[in-house]
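These figures come from a predicted structure and were not determined experimentally. So that the names make sense, note that chain A is the first sequence line, chain B the second, and so on, each numbered from 1. The figures that follow rest on heavy atoms only: side chains count, while hydrogens, waters and symmetry mates do not.
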Number of protein chains: 2
Amino acid sequence: MTVARNRSKRERILDVAEELFALHGYDGVTLRRIATSARVDVALASYHFGKKLDLFKAVFERRAAYLNESRREALQRCQREAGVEGPSVEQIIEAFLRPLELAQETGDAGWRHYLALIAYINNSPYWGPKMMSSLFDDLVLEFIDALRKALPGASDDNLYWCYNNLSGALTLTLAQTGRIDKLSGGTCRSADFQAAYDHMIPFVAAGFRQVCAPATAGAPAE
Amino acid sequence: MTVARNRSKRERILDVAEELFALHGYDGVTLRRIATSARVDVALASYHFGKKLDLFKAVFERRAAYLNESRREALQRCQREAGVEGPSVEQIIEAFLRPLELAQETGDAGWRHYLALIAYINNSPYWGPKMMSSLFDDLVLEFIDALRKALPGASDDNLYWCYNNLSGALTLTLAQTGRIDKLSGGTCRSADFQAAYDHMIPFVAAGFRQVCAPATAGAPAE
DNA sequence: TTGCGTATTCAACACTTGTTGAATACGCTG
DNA sequence: CAGCGTATTCAACAAGTGTTGAATACGCAA
């Protein structure tokens, strides 16, 4: 099929756009730069994807379904394997984070760029509200529901604020700015997702328990 | 003095640039848009600040010194008021976060835009390593030192990874994307810094203790 | 008032941007 | 081979970009 051959250039455009958008943002990348870097004519991007904004959305959506399925599967598996009381906070957070690392383990370096792009969009006051909700909110609410059950008595207020902390810690990790490398003098590497999650999981789980468990002291003053 | 009158237009350019850069990023804002929004001629920005990049840096640096002094002061005050054992983890985190809220309390709405700009830069793989370290690393290392003393026996590895989690949660909050507003159905407002810190402080403090306190179980597997 | 330095405007430059329509090449079916 | 649909290139466009140099206005000193 002709489709087989064309996927080559078409996907090269997507791959390059993914990397450059993640690094420089939407306005920091020109179609010509993408085309040059993909060794492709400028007009080809427009031919395949239409407007520049459509290309941006195409990149954003390309891997979203797979990622959501992978995380939803992880959540359901941990729920299935848990007893009648349901999974622990740690297990839920683990299901939330580890698939992001598995995606990297596929050997496809593009996943790193894609996750950095998600971080860019999620942290942007302009793109964030416009693009994140439609693709990711359903799944996020499933995770929050699971956490609600694991933390009986927790108020929605506390749950959402805690999720905000989790989302922030994750976003900065996905952005891979390398700042922690410099701060730590090289002992921590922001490219090491596994190490990041190894530390993030107990950190976040303890945070949820501290804020959301009503019996213990230390809940935020109202 | 002529300087008094000119500060008006010059600072209007800085104010507008601050707001637009925070919302759309460096490449998403044109000098003409800044000039129009500031009701000023295009060439005036170049006259006062030189290249576009210089204007960007001027915006970035304008409030940095004040912010650093304010946070350093908060840290030293909490150290002074603590006993010989030094301040608790909560007190240190509080000194790290609350000045960001006080800055807002000055009534100067520009602080909100400035903090969103810091979030943009800190989360950017392009700008982050280039601009954050020179202005903010010294102070961050002072806070980490204080945390090291409050958490005896903690490894540097764990301390830096925990700080990364704190920095991420803070960054997403400063970005004010409004995503938590939508997720929570309106009960949480990302513009409410005080509520954000009320929840972030116990959350992060518990995370530090969980990961960095060597006696307790649950430290990340090595 | 006349000067003078700073602030501000005006006009224009060379260059890059996204996008498009026509022209060409490719790969398959008949 | 011819025919056809898709993929790809080429050339060009109007609009917008940052930047600059000359011209003008302003505010104060002498």
Check your understanding: Please give, in whole Å, the distance from D:dG18 C1' to B:Arg33 CZ?
Key -> 16 Å

Point to revise | First of B:Val42 and A:Val40 reached from the 5' end of DNA chain D, by closest nucleotide | key: A:Val40

Practice item. Take atom NZ of A:Lys9 and atom C1' of C:dG27, then tell me their distance rounded to the nearest Å. Key: 14 Å

Study note, to complete from the structure: Taken to the nearest whole Å, CG/B:Leu44 to C1'/D:dA25 is 13 Å

Point to revise | Closest to the B:Tyr47 side chain, choosing from C:dT6, D:dG18, D:dT9 | key: C:dT6

Exercise for review: Can you tell me the distance, in whole Å, between the OH atom of B:Tyr26 and the P atom of D:dT17?
Suggested key: 13 Å

Check your understanding: Does NZ or CZ of A:Arg112 fall inside the cone over A:Phe193's six-membered ring, less than 6.0 Å from its centre and within 45° of the axis?
Key -> yes

Exercise for review: Working to the nearest 0.5 Å, report the span between CD1 of B:Ile121 and CZ of B:Phe60.
Suggested key: 4.5 Å

**Study point:** is_close_aromatic(B:Trp127, B:Phe56), centroid dist under 6.0 Å
**Key:** yes

Check your understanding: What is the distance from CG of B:Asp27 to P of C:dT16, rounded to the nearest Å?
Key -> 15 Å

Check your understanding: Can you tell me how far C1' of C:dG18 sits from CD1 of A:Ile13, to the nearest Å?
Key -> 14 Å

Practice item. Ignoring hydrogens and angles, answer whether the base of D:dG16 and the side-chain atoms of B:Arg32 contain a donor-acceptor pair closer than 3.5 Å. Key: no

Review point. Given D:dT8, C:dT9, C:dT19, which nucleotide is nearest the side-chain atoms of A:Leu31?
Key: C:dT19

Practice item. Can you figure out which of C:dC10, C:dG18, D:dT8 approaches the side chain of B:Asp41 most closely? Key: C:dC10

Review point. Could you give the CG-to-P distance, from A:Asp54 to C:dT19, as a whole number of Å?
Key: 8 Å

Revision key, fill the gap. The residue among A:Ile92, A:Leu75, A:Leu147 that forms side-chain contact (heavy atoms from CB on, under 4.5 Å) with A:Pro87 is A:Ile92

Exercise for review: Using a heavy-atom cut-off of under 4.0 Å over every strand shown, decide if B:Thr30 touches base, sugar-phosphate, or nothing.
Suggested key: sugar-phosphate

Review point. Passes ring pair (Phe, Tyr, Trp, His ring centres under 6.0 Å), B:Phe21 versus B:Tyr120? Steps please.
Key: CA-CA 9 Å; B:Phe21 280 143; B:Tyr120 160 72; 8.4 Å; no

**Study point:** Minimum-distance nucleotide to B:Ala43 side chain [options: D:dT8, C:dC10, C:dG18]
**Key:** C:dC10

Exercise for review: Send over the distance from A:Ile34 CD1 to C:dT19 C1', rounded to a whole Å.
Suggested key: 14 Å

Exercise for review: Ignoring backbone atoms, establish whether B:Lys52 has a side-chain N or O less than 4.0 Å from OP1 or OP2 of D:dT20.
Suggested key: no

Point to revise | Under-4.0 Å side-chain N/O to phosphate OP1/OP2 contact, B:His48 with C:dT6 | key: no

Exercise for review: Please check the phosphate of D:dT20 (OP1 and OP2 only) for any side-chain N or O of B:Lys51 closer than 4.0 Å.
Suggested key: yes

